[in-house]
Amino acid sequence: MLKLRERALELLNLYNYFDEAIIFDDNAIAVYYYNNRTDINPIGEEEIVGKHLMEIFPELQNENSTVMKALVSGAPTYNMQQKVKLYTGQYVTHMTTTLPISEEGKITGVVEVSRNMKFDYRRNIYITPEIGRRSRQLFSVDDIISCCSEMKCVKEKIKKVSKTDSPVMIYGRTGTGKEMVAESIHTGGKRKNQAFISQNCAAIPETLLESILFGTVRGSFTGAEDRPGLFESADGGTLFLDEINNMPLNLQSKILKAIEEQKITRVGDYEPHSINVRIIAATNEEPIELVKSMKLREDLYYRLRVVQINLPTLNERKGDISLLTEYFIKKYNKIMHKNILGLDEDTTQMFSARDWNGNIRELENTIECAFNFSDEPYIHLSDIPWFEEEIEEELFPELDVDSGETLKMMLNDYEHQLICEAVNRHDSIHEMADELGITRQNLYHKLKSCKVENKFYMDRKF
């Protein structure tokens, strides 16, 4: 069952826009359901999973079911309009694409994705992304929240490179905001009214990646249709290729050729198509190390690295934690219809002291988690389940109770240690105070009492 879901989810990653998806096993039992339009169809996963196909759609017959057709004969169905009755009595009209899932030559299930025809009755479901409709507005450079000097430098670079068509390589750890930077480059330039298409190269099986990028012609392989790829779909705009190092080396050479010649050839075709696309690539590993380990072609790297933007981790910009926390609290107050004012003192200290290895994405997910459990004006540590497991290990190190020191002395020692570490990380008392979650005046007093005022006391950077 797990293997079936993993295989099907690989296929689902090909569809950047769809309203619903159902995965059936080889007995036509639903094992997965995703509904992106609960405003039209309020049914959730728990109401679908475990039910037989004919139980979900009681008026279906074997002979007119695309799912049964795929299970019995292995034949896919593309872009078929269907009006079906749900077990709730509601009728829905969908444009569906149904694909069999096979393992070692045996059909193990079916995945069916659909678009609701109520709003978009002419648009087919294609493997390439939809350009004309986006679920949200693209980010701009003004959406990047930071008081960190490194990020201010990044924002200045974005503003400058937005005005050109040069390729850009973005390097940043997972969760640091690489796609946000790519979108900001696009929206800040002359291509802002054209398509911005984003594709994670690790999300597509290697055997399908070439056809996704370059498109196909009818008959080039079984089931192939005349379809544009990502390069053609992004013509006039920007194509963002995330985790480009996960692309096979032979395909990387074709990407290089497409960038240099601004021409592509569809799979199975002989006639090249001219394109006008700006390429932005990204990786979560050091690019030069990827070249050394032969995961990234050297010639492609140097072609993409006309401009390289390196993003700092959240641990390197701890002064931004309070700003980002405030932003995410406002965001989830709006989404979840709550009125949370902020973090309590203990949680503020925990946020400042913690290593955010998942970066901004981890911070946002942590705040979203707290919103699910918090019923009070301020978020407490108890509202974040996994924090309770980390508090003793990360915030309170093991103390030597046999040292002869009193509790107050041990706490003072620990406070002194935290302050000394913060001094080494920052050149501004503003950033230190933000990280430690105390006022600048209080911090100045503690610096003086700890006798580490030499860095700040003389110039008093208030």
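Everything numeric here is computed off the predicted structure, so don't read it as measured data.
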Note to self: Strictly distance-based, threshold 3.5 Å: is any side-chain N or O of Q262 a donor or acceptor partner for the main-chain N or O of V277?
What the structure shows: yes
Checklist line | Contact summary for F351 and I321, nearest pair of heavy atoms | finding: O-CD1, 3.5 Å
Notebook entry, point to check: Within the distance-only criterion (no hydrogens, no angle test), does the side chain of S65 pair as donor or acceptor with the backbone N or O of N62 below 3.5 angstrom?
Noted result: no
Next item on the list: Check the pair L304 / I259 against side chain to side chain contact (heavy atoms under 4.5 Å, CB included), numbers first and verdict last.
Entry: CA-CA 9 Å; L304 292 171; I259 296 173; 3.7 Å; yes
Check: So, the side chain of S73 versus the backbone of A70: is there a donor-acceptor pair under 3.5 Å, distance only?
Finding: no
Notebook entry, point to check: Between the side chain of T347 and the main-chain N/O of I379, is any donor-acceptor distance below 3.5 Å?
Noted result: yes
Note to self: For a quick check under 3.5 Å, do Y332 and E364 share a side-chain donor-acceptor pair by atom type?
What the structure shows: yes
Note to self: Once ring pair (Phe, Tyr, Trp, His ring centres under 6.0 Å) is applied, what residue pairs with a partner in residues 227-246 remain, sequence neighbours excluded?
What the structure shows: F214-F231
Margin query: Whether the T66 and T98 side chains hold a donor-acceptor pair (N or O, under 3.5 Å, no angle test) is what I'd like checked.
Written below: yes
Checklist line | Side-chain (D235) to main-chain (E232) donor-acceptor, under 3.5 angstrom | finding: no
Item checked: Where S211 and T216 come nearest, the two heavy atoms and their spacing -> CB-CG2, 3.4 Å
Notebook entry, point to check: Got a donor-acceptor contact below 3.5 angstrom from the S374 side chain to the A370 backbone?
Noted result: no
Check: Is the backbone of T164 close enough, under 3.5 Å, to the side chain of R278 for a donor and an acceptor to pair up by distance?
Finding: yes
Check: Do I56 and F24 touch side chain to side chain, with heavy atoms closer than 4.5 Å?
Finding: yes
Checklist line | Under 3.5 Å donor-acceptor, E59 side chain and K85 backbone | finding: no
Checklist line | CA sep, side-chain torsions, deciding dist, call: K257, E260, salt bridge (charged side-chain N to carboxylate O under 4.0 Å, His left out) | finding: CA-CA 5 Å; K257 184 177 180 181; E260 292 182 338; over 6 Å; no
Check: If you count the non-hydrogen atoms of other residues, nucleotides and ligands that lie under 6.0 Å from CD in E261, is the total more than 12?
Finding: yes
Next item on the list: Report the distance from atom CE of M350 to atom OG1 of T366, rounding to the nearest 0.5 Å.
Entry: 9.5 Å
Next item on the list: Go through the side-chain N and O atoms of D320 and S146 and say whether any donor and acceptor fall under 3.5 Å apart.
Entry: yes
Notebook entry, point to check: So is K51 actually on top of Y87's ring, under 6.0 Å and inside 45° of the axis?
Noted result: yes
Notebook entry, point to check: Roughly how far, to the nearest 0.5 Å, is CZ of R303 from CG of L256?
Noted result: 7.5 Å
Notebook entry, point to check: Going by heavy atoms in the side chains, are N27 and L71 under 4.5 Å from each other?
Noted result: no
Item checked: Closest heavy-atom pair and its distance - G237, Q194 -> CA-CB, 3.7 Å
Notebook entry, point to check: Hey, are Q61 and N64 close enough side-chain-wise for a donor-acceptor pair under 3.5 Å?
Noted result: no
Check: Given D143 and M180, is the side chain to side chain contact (heavy atoms under 4.5 Å, CB included) satisfied, shown in steps?
Finding: CA-CA 9 Å; D143 294 315; M180 189 178 192; 3.6 Å; yes
Next item on the list: Not counting sequence neighbours, which residues clear salt bridge (Lys or Arg N to Asp or Glu O under 4.0 Å) with E326? List them please.
Entry: K330
Notebook entry, point to check: Backbone N or O of T313 within a donor-acceptor pair of the T176 side chain at under 3.5 Å?
Noted result: no
Check: Side-chain contact, heavy-atom cut-off 4.5 Å: S162 with S184?
Finding: no
Check: Any chance NZ of K263 has more than 12 other-residue heavy atoms, nucleotides or ligands included, within less than 6.0 Å?
Finding: no
Item checked: Donor-acceptor pair between E179 and S198 side chains, under 3.5 angstrom -> yes
Notebook entry, point to check: Within a strict 4.5 Å, meaning less than it, do heavy atoms of the S253 and L300 side chains meet?
Noted result: no
Checklist line | Nearest atoms (heavy-atom pairs only) where I197 meets A234 | finding: CD1-N, 3.7 Å
Checklist line | Short side-chain to backbone donor-acceptor contact, N200 and A202, under 3.5 Å | finding: yes
Item checked: Rounded distance (nearest 0.5 Å) linking atom CG of N315 with atom CD of E435 -> 9.5 Å
Notebook entry, point to check: Rounded to the nearest 0.5 Å, how far apart are CG of L239 and NE2 of H186?
Noted result: 11.5 Å
Next item on the list: Applying salt bridge (Lys or Arg N to Asp or Glu O under 4.0 Å), name anything that partners E55, two or more places apart in sequence or on another chain.
Entry: none
Next item on the list: Starting from the C-alpha separation in whole Å, work towards a yes-or-no answer on side chain to side chain contact (heavy atoms under 4.5 Å, CB included) for I329 and L343.
Entry: CA-CA 9 Å; I329 286 176; L343 312 178; 4.3 Å; yes
Check: Step by step, would you call E47 with Y33 a side chain to side chain donor-acceptor pair (under 3.5 Å)?
Finding: CA-CA 9 Å; E47 299 170 86; Y33 177 65; over 6 Å; no
Check: Should the pair R317-E150 be classified as a salt bridge under the 4.0 Å nitrogen-to-oxygen rule?
Finding: no
Notebook entry, point to check: M294 and L249: which non-hydrogen atoms are nearest, and at how many Å?
Noted result: O-CD1, 3.5 Å
Note to self: Is it true that R297 and N250 share a donor-acceptor pair across their side chains at a distance under 3.5 Å?
What the structure shows: no
Item checked: Nearest non-hydrogen partners of K178 and A282, listed with the distance -> CD-CB, 3.9 Å
Next item on the list: With the side chain counted from C-beta on, respond yes when T238 and E183 share a heavy-atom pair under 4.5 Å apart, and no when they do not.
Entry: no
Next item on the list: Check whether the side chains of N245 and T283 place a donor and an acceptor atom closer than 3.5 Å, and report yes or no.
Entry: yes
Note to self: Quick test of your reading of the model: are K155 and D142 salt-bridged, counting only N-O distances below 4.0 Å?
What the structure shows: no
Next item on the list: Find the distance between CD1 (I340) and CG (D383) and round it off to the nearest 0.5 Å.
Entry: 7.5 Å
Notebook entry, point to check: Are any non-hydrogen side-chain atoms of Y301 and M169 less than 4.5 angstrom apart?
Noted result: yes
Note to self: Quick check: do I360 and L324 have side-chain heavy atoms less than 4.5 Å from each other?
What the structure shows: yes
Checklist line | Sub-4.5 Å side-chain heavy-atom contact between T77 and T97 | finding: no
Next item on the list: Would you check, one step at a time, whether the test side chain to side chain contact (heavy atoms under 4.5 Å, CB included) holds for V181 with I158?
Entry: CA-CA 7 Å; V181 170; I158 291 172; 3.7 Å; yes
Check: When you look at E243 and K295, which way does the salt bridge (charged side-chain N to carboxylate O under 4.0 Å, His left out) test go after all the steps?
Finding: CA-CA 11 Å; E243 297 193 46; K295 294 180 180 178; over 6 Å; no
Next item on the list: Rounded to the nearest 0.5 Å, what's the gap from CD1 on I280 to CD1 on I244? Could you check?
Entry: 12.0 Å
